[in-house]
A.B. asks: 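Sending over a structure as structure tokens; questions will come in a sec.
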Amino acid sequence: MFLDKSRQLRQNCSGQYTMSKVNSAANEKERKHIVKETETILKRFTRKKQYLIPILQGVQGKLGYLPRESMLKIADYLGIAAIDVYSVVTFYNQFRLNPPGKHSIRVCLGTACHMKGGYITLDAWKRRLKIDSGETTPDREFDLDIVACVGCCTMAPVTVVDEKPEGQVEPTRVDGLLLGFGYEEGKKEKEKSESK
Amino acid sequence: MSTRNIQVTLKIDGKEIKTRAGEKLLWAALENGIYIPNLCAIKDKPEPNASCRLCWVEIEGEKKPVTSCTVEVRDGMVVNTKGKKALDLSRAGFELLMASHALDCAHCSANGDCELQKIAKALKCSLKPKNLRPLRRELPIDDSNSLFTLDPNKCVVCGRCIWECRKHGDKAVLGFAHRGFKRVVTTFGDEPIGKDRCLNCRECVEVCPTGALAFKEKAKLKS
Amino acid sequence: MKASELPAAAVFREIKERAESHVRELKQNKTYIMVGAATCGRAAGALDVLKAFREEIKKHNLDCPVIEVGCMGHCYAEPIVIIGKPGYPAICYGYVNPVIAERLVNEFILGENPCPEFVIGALEANDMLPSFQDFPRAEHEQKIVLKNCGHIDPADIEQYIAAGGYAGLAKILGMAPQNVIDEVKKSGLRGRGGAGFPTGIKWQYCRDAKRTPRYVICNADEGDPGAFVDRAILESDPHSVIEGIIIAGYGVGARYGYIYVRAEYPLAVARLETALKQAKKLNLTGSHVLGSDFSFDIQIFQGSGAFVCGEETALIASIEGNAGMPRYRPPYPAVQGLFGKPTVVNNVKTLAYVPRIINNGAEWFRGIGSRESPGTAVFALAGKIVNTGMVEVPMGTTLRQIIFNVGSGIPNKKSFKAVQIGGPSGGCLPEAALDLPVDFDSLQNAGAIMGSGGMVVCDEEDCMVEIARYFLEFTQRESCGKCTFCRLGTKQMLELLADFTQGKGKIEDIDLLEKLAGEIKAGSLCQLGRTAPNPILTTLRYFRQEYEEHITLGRCPALMCQDLIAYYILPDKCERSCDACVGECTVEAIYSHPKKRYKIIDQEKCVKCGTCLKACPPQYNAIVKLSPPSEVPEDNLKEKAQKSKP
């Protein structure tokens with residue numbers, strides 16, 4: 001009950017409080033998979049707090065995000081309180097609590113990109129994908145986020161699409177890139193939204 | 001260490017004080033009845049948090065005010081806790097805190113025993129800053145524990161409760177999470193403190209300088 | 001000591017000879033192709049170019065190595081390719097694509113046509129083609145840390161060694177550690193991470209703090225938006241940084257080194273991993289380096305994305321497995337750092353200077369740059385400037401020389417307005433400051449800082465209030481939240497600035513903003529907080545009028561703030577039968593006047609993305625930005641009202 005109330009309240013708070021909640025495995029099969037992968041990563045490290053971040057990076061690298069089961073397992077392995085893991089996970093931009101989409105879209109908002117309209121590009125992505133930054137589309141195809149700077153300032157505005165930095169991404173190129181993922185997908189979405 | 005036994009003499013607000021070498025200025029003052037506003041200072045913590053930024057003082061010979069929780073006493077030091085520059089900075093910090101504090105003294109169980117009220121009095125400033133915008137976070141109150149409630153909207157993120165909770169090692173429940181303006185005292189996954197995981201040692205509530213952590217019993221008595 | 005001195009030199013001589021013969025085999029009297037494939041080049045398509053060259057070479061069965069190199073700094077012309085062919089100077093080509101690559105192979109490598117139409121410049125002076133030395137920028141540039149960048153294969157340690165690399169390491173192994181520190185002290189090298197603290201003195205503090213083990217950390221957490229020099233160096237010349245770390249380790253008597261590099265720089269991480277493996281294989285790290293008594297190991301730590309971790313105490317907290325919160329200093333990390341032990345934290349560039357200083361001597365280094373700031377300054381030029389990319393100039397070069405002579409000025413016939421130096425901790429300097437010689441102290445006096453070398457040029461279309469808001473939004477988002485001033489103060493300031501850019505707010509709010517900025521500067525715990533107000537303080541100091549105009553007139557003079565502008569199609573200029581803007585509009589907000597056919601923007605639908613303005617053919621140039629939005633003629637708005645009637 002507390003959680004429901006808290007989620008509701010957080011959503012009401014002007015976007016600042018879109019704290020993503022911790023995700024659990026959906027079923028037993030998924031839980032087993034998570035536990036197995038987490039244990040494989042843990043085996044590579046000795047039980048020292050200093051390995052917390054590399055462990056989290058390893059687990060996220062495997063699973064795409066940090067499920068509740070993994071975090072608890074890691075805390076247990078390192079002999080630290082679960083809150084200490086949570087505190088590190090929520091501090092760094094890299095870590096995510098929700099599963100990512102199939103394609104990752106990272107809009108660079110470095111200075112150079114901002115001045116050349118990175119924020120306009122971000123708006124265009126949001127408009128097309130119908131999600132806010134930090135979110136994943138309901139069909140799990142795309143997740144959208146911002147990145148402080150990828151160091152390709154001379155190609156501004158930059159969007160990193162599936163790890164590949166794309167230069168000069170303006171609103172029309174956003175459409176072009178989405179087209180590259182299959183026009184059908186875009187069309188389907190459009191049809192869906194129109195039928196609504 | 002051997003320095004523990006050496007005595008140092010210094011002057012705070014004109015009053016001569018003798019204290020141990022290595023002692024932090026803030027504690028030297030407080031132990032001798034000179035109040036300097038503070039929230040995040042913890043006596044038994046070896047490294048000061050230095051995060052509330054309220055304990056500014058001026059030291060003779062130094063251009064800028066310094067936080068007294070981070071400065072070690074020196075022999076012959078002359079300290080002024082009432083200098084204008086220091087007070088201005090303390091007030092500025094305090095106003096920022098108050099602009100984000102869910103002010104509701106009348107219904108707060110800490111009323112009358114609240115560190116914020118004490119500081120406002122010492123700094124001679126209002127609990128409601130005039131110029132700043134109210135920046136409230138409207139976070140949910142956790143009342144899942146049978147003994148106490150946690151209201152993050154009243155929290156000043158001083159970390160005193162966390163310091164106490166840490167003493168339970170890997171059984172600790174409270175900690176900081178999130179970053180920046182969203183930084184908050186919370187639990188794993190922002191889940192309810194509940195009575196099953198919390199050891200109910202009550203220490204966190206005892207040390208809370210505001211009404212953020214409050215005993216339910218006391219709140220009932222108040223109302 | 002004596003016993004270990006000789007073997008190291010001898011072991012290294014052997015390594016060096018092998019490396020030199022390897023490079024001779026690769027390049028001497030031979031045609032070779034080098035493709036710049038750092039992240040910036042890759043974003044421009046360098047990998048496709050690389051592939052095209054390889055395929056073409058294979059097709060013709062040529063004996064011609066295609067070498068992947070880093071970034072030369074001429075990022076404006078990416079992808080960049082250098083071709084060396086006997087009988088020709090080495091030639092640098094720009095804007096290369098797979099088609100051009102194919103032509104270069106067929107016409108230049110197979111034929112004798114160097115294709116001058118694609119040439120940027122030859123690397124050395126010659127009487128065939130213009131060379132880089134003939135460029136106006138050559139007069140100002142002097143490359144020390146960027147010397148190898150773009151000229152060697154970062155994944156091939158032998159190319160670095162053949163270019164003089166690791167000679168510094170071999171040299172110091174025969175010196176007493178204290179002498180190494182003395183040499184760095186004498187050179188006057190100051191930390192390139194931003195604050196400019198003398199590197200040698202930092203090393204001395206660490207060495208004098210007797211406790212062991214000591215650590216050296218290379219701070220490669222380049223989080224400043226707009227700075228990319230560290231990334232470019234790590235991707236293009238990782239060994240120079242590694243050599244610097246080892247030398248620092250020897251000087252301070254450390255056993256372990258860390259490279260703290262952002263996980264957002266995957267290529268830099270990969271390059272470092274390769275480089276470290278190679279260095280270890282040649283025993284340049286590991287136990288008994290080159291047969292000496294000195295043992296040293298380096299490992300990579302990937303930062304997880306928190307700008308505040310550029311602050312050394314936060315960085316250390318992060319390696320220890322905690323949230324990256326800065327702590328109160330002193331004790332400084334040099335005395336009490338990683339795991340409580342003495343730790344030197346140096347920036348990438350700082351460490352990259354070290355091998356060169358050891359090789360060429362402190363006097364040589366002191367001879368470059370200005371008295372208080374010896375050496376060179378490296379900047380990442382970005383924003384509204386023709387030659388975006390990296391520049392390295394001696395300290396003391398003026399901003400005007402950097403922006404106009406090296407960077408070739410402002411593109412599109414726009415005029416210069418301001419230059420932002422030092423990222424979120426730096427400041428915006430106006431035209432009047434252009435003749436300022438660039439060094440640590442002069443920039444600080446003007447309100448900016450050297451920072452980690454981001455230099456973003458603004459033209460007349462950049463709004464200073466918006467720039468200040470942008471940087472503050474960044475620092476506010478990246479604030480760790482530990483101390484009151486930074487956590488809450490930056491948020492208060494951001495609210496004020498956001499209001500300004502929306503034409504809201506009161507004129508007194510400017511004074512409140514200034515007061516808050518001063519308090520946050522004085523009251524914050526760490527350098528991130530203390531410098532966060534700089535963008536505001538400098539824009540207030542130099543562009544106060546712009547703030548006032550936003551508030552009193554609801555007008556953005558630079559036509560940048562989206563809430564204060566409107567796009568408008570001039571009916572007289574609109575060609576009417578052309579549909580370019582209608583077709584390009586991403587939200588279908590443009591329609592034709594029912595009778596007169598000129599185009600009209602539905603202001604309610606318009607998202608102000610500016611696509612139409614770019615789409616409108618230049619011969620019509622019919623679309624303009626107006627501020628405040630109420631400038632749009634009422635009848636133009638009425639047309640819409642009529643149209644929307646059923």
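Order of the sequence lines sets the chain letters (A, B, ...), proteins ahead of strands, with each chain counted from 1.
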A.B. asks: Which bit of Arg179(B) comes within less than 4.5 Å of chain C, counting heavy atoms only: side chain, backbone, both or neither?
C.D. replies: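 Answer is both: backbone and side chain atoms of Arg179(B) are under 4.5 Å from chain C.
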A.B. asks: Would one find more than 12 heavy atoms of other residues, nucleotides or ligands at under 6.0 Å from atom CD of Glu60(B)?
C.D. replies: no
A.B. asks: Walk me through it: do Leu516(C) and Asn131(B) pass the test side-chain contact (heavy atoms from CB on, under 4.5 Å)?
C.D. replies: CA-CA 11 Å; Leu516(C) 276 169; Asn131(B) 295 321; over 6 Å; no
A.B. asks: Just by modelled atom types, is the Arg53(B) backbone N or O under 3.5 Å from a matching donor or acceptor in the Thr484(C) side chain?
C.D. replies: no
A.B. asks: Measure Thr490(C) against the heavy atoms of chain B and call it side chain, backbone, both or neither at under 4.5 Å.
C.D. replies: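 No part of Thr490(C) comes within 4.5 Å of chain B.
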A.B. asks: Name the option with the most non-hydrogen atom pairs under 4.5 Å to chain B; the candidates are Gly324(C), Pro331(C), Ser524(C), Pro330(C).
C.D. replies: Ser524(C)
A.B. asks: Measuring from atom CD of Gln492(C) to atom OG of Ser100(B), what distance do you get when rounded to the nearest 0.5 angstrom?
C.D. replies: 6.5 Å
A.B. asks: Just give me the residue among Leu54(B), Val157(B), Leu39(B), Thr67(B) that pairs up with chain C most often, heavy atom to heavy atom, under 4.5 Å.
C.D. replies: Val157(B)
A.B. asks: If I compare all heavy atoms of Phe181(B) with all of Gln476(C), which pair ends up nearest, and what's the gap?
C.D. replies: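 So the minimum-distance heavy-atom pair works out to CB-NE2, 3.5 Å.
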A.B. asks: Got more than 12 heavy atoms from elsewhere within 6.0 Å of NZ, Lys43(B)?
C.D. replies: yes
A.B. asks: Where is the tightest heavy-atom contact between Ala50(B) and Leu525(C), given as atom of each residue plus distance?
C.D. replies: O-CD1, 3.6 Å
A.B. asks: Heavy-atom count around Lys45(B) NZ within 6.0 Å, excluding the residue itself: above 12?
C.D. replies: yes
A.B. asks: Which atom pair, heavy atoms only, marks the closest approach of Arg487(C) to Val156(B)?
C.D. replies: NH2-O, 3.9 Å
A.B. asks: Tell me the closest heavy-atom pair linking Lys491(C) and Leu135(B), and the distance in Å.
C.D. replies: CG-CD1, 3.4 Å
A.B. asks: Looking at Arg530(C), I'd like to know if its CZ atom is crowded, meaning that more than 12 non-hydrogen atoms belonging to other residues, nucleotides or ligands lie closer than 6.0 Å.
C.D. replies: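 Counting neighbours around CZ of Arg530(C), more than 12 heavy atoms of other residues, nucleotides or ligands fall under 6.0 Å, so yes.
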A.B. asks: Evaluate the side-chain contact (heavy atoms from CB on, under 4.5 Å) criterion for residues Leu96(B) and Glu519(C): first the C-alpha distance (whole Å), next the side-chain angles of each, then the deciding distance (0.1 Å), finally the verdict.
C.D. replies: CA-CA 11 Å; Leu96(B) 285 170; Glu519(C) 288 164 356; 5.8 Å; no
A.B. asks: Surrounding OH of Tyr205(C) (heavy atoms of other residues, nucleotides or ligands, distance under 6.0 Å), is the total greater than 12?
C.D. replies: no
A.B. asks: Just checking Glu508(C): does its CD atom have more than 12 heavy atoms from other residues, nucleotides or ligands closer to it than 6.0 angstrom?
C.D. replies: yes
A.B. asks: So which part of Asp499(C) gets closer than 4.5 Å to some heavy atom of chain B, the side chain, the backbone, both or neither?
C.D. replies: side chain
A.B. asks: For Glu478(C), which atoms come within 4.5 Å of any heavy atom of chain B: side chain, backbone, both, or neither?
C.D. replies: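 Both backbone and side chain.
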A.B. asks: For each of Gly518(C), Gly489(C), Gly523(C), tally heavy-atom pairs with chain B at distances under 4.5 Å, and name the one with the top tally.
C.D. replies: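 Most heavy-atom pairs within the cutoff with chain B belong to Gly523(C).
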A.B. asks: If you measure from OG on Ser51(B) to OH on Tyr328(C), what distance do you get to the nearest 0.5 Å?
C.D. replies: 13.5 Å
A.B. asks: Within a 6.0 Å radius of atom NZ on Lys167(B), are there more than 12 heavy atoms belonging to other residues, nucleotides or ligands?
C.D. replies: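 Check passes, neighbour count above 12.
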A.B. asks: Side chain, backbone, both or neither: which part of Ala306(C) has an atom under 4.5 Å from a heavy atom of chain B?
C.D. replies: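 When you check distances to chain B, atoms from both the backbone and side chain of Ala306(C) fall under 4.5 Å.
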A.B. asks: First locate atom CG of Asp88(B), then atom NZ of Lys515(C), and finally report the distance between them rounded to the nearest 0.5 Å.
C.D. replies: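 The CG atom of Asp88(B) sits 8.0 Å away from the NZ atom of Lys515(C).
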A.B. asks: Distance from Arg183(B) atom CZ to Cys480(C) atom SG, nearest 0.5 Å?
C.D. replies: 6.0 Å
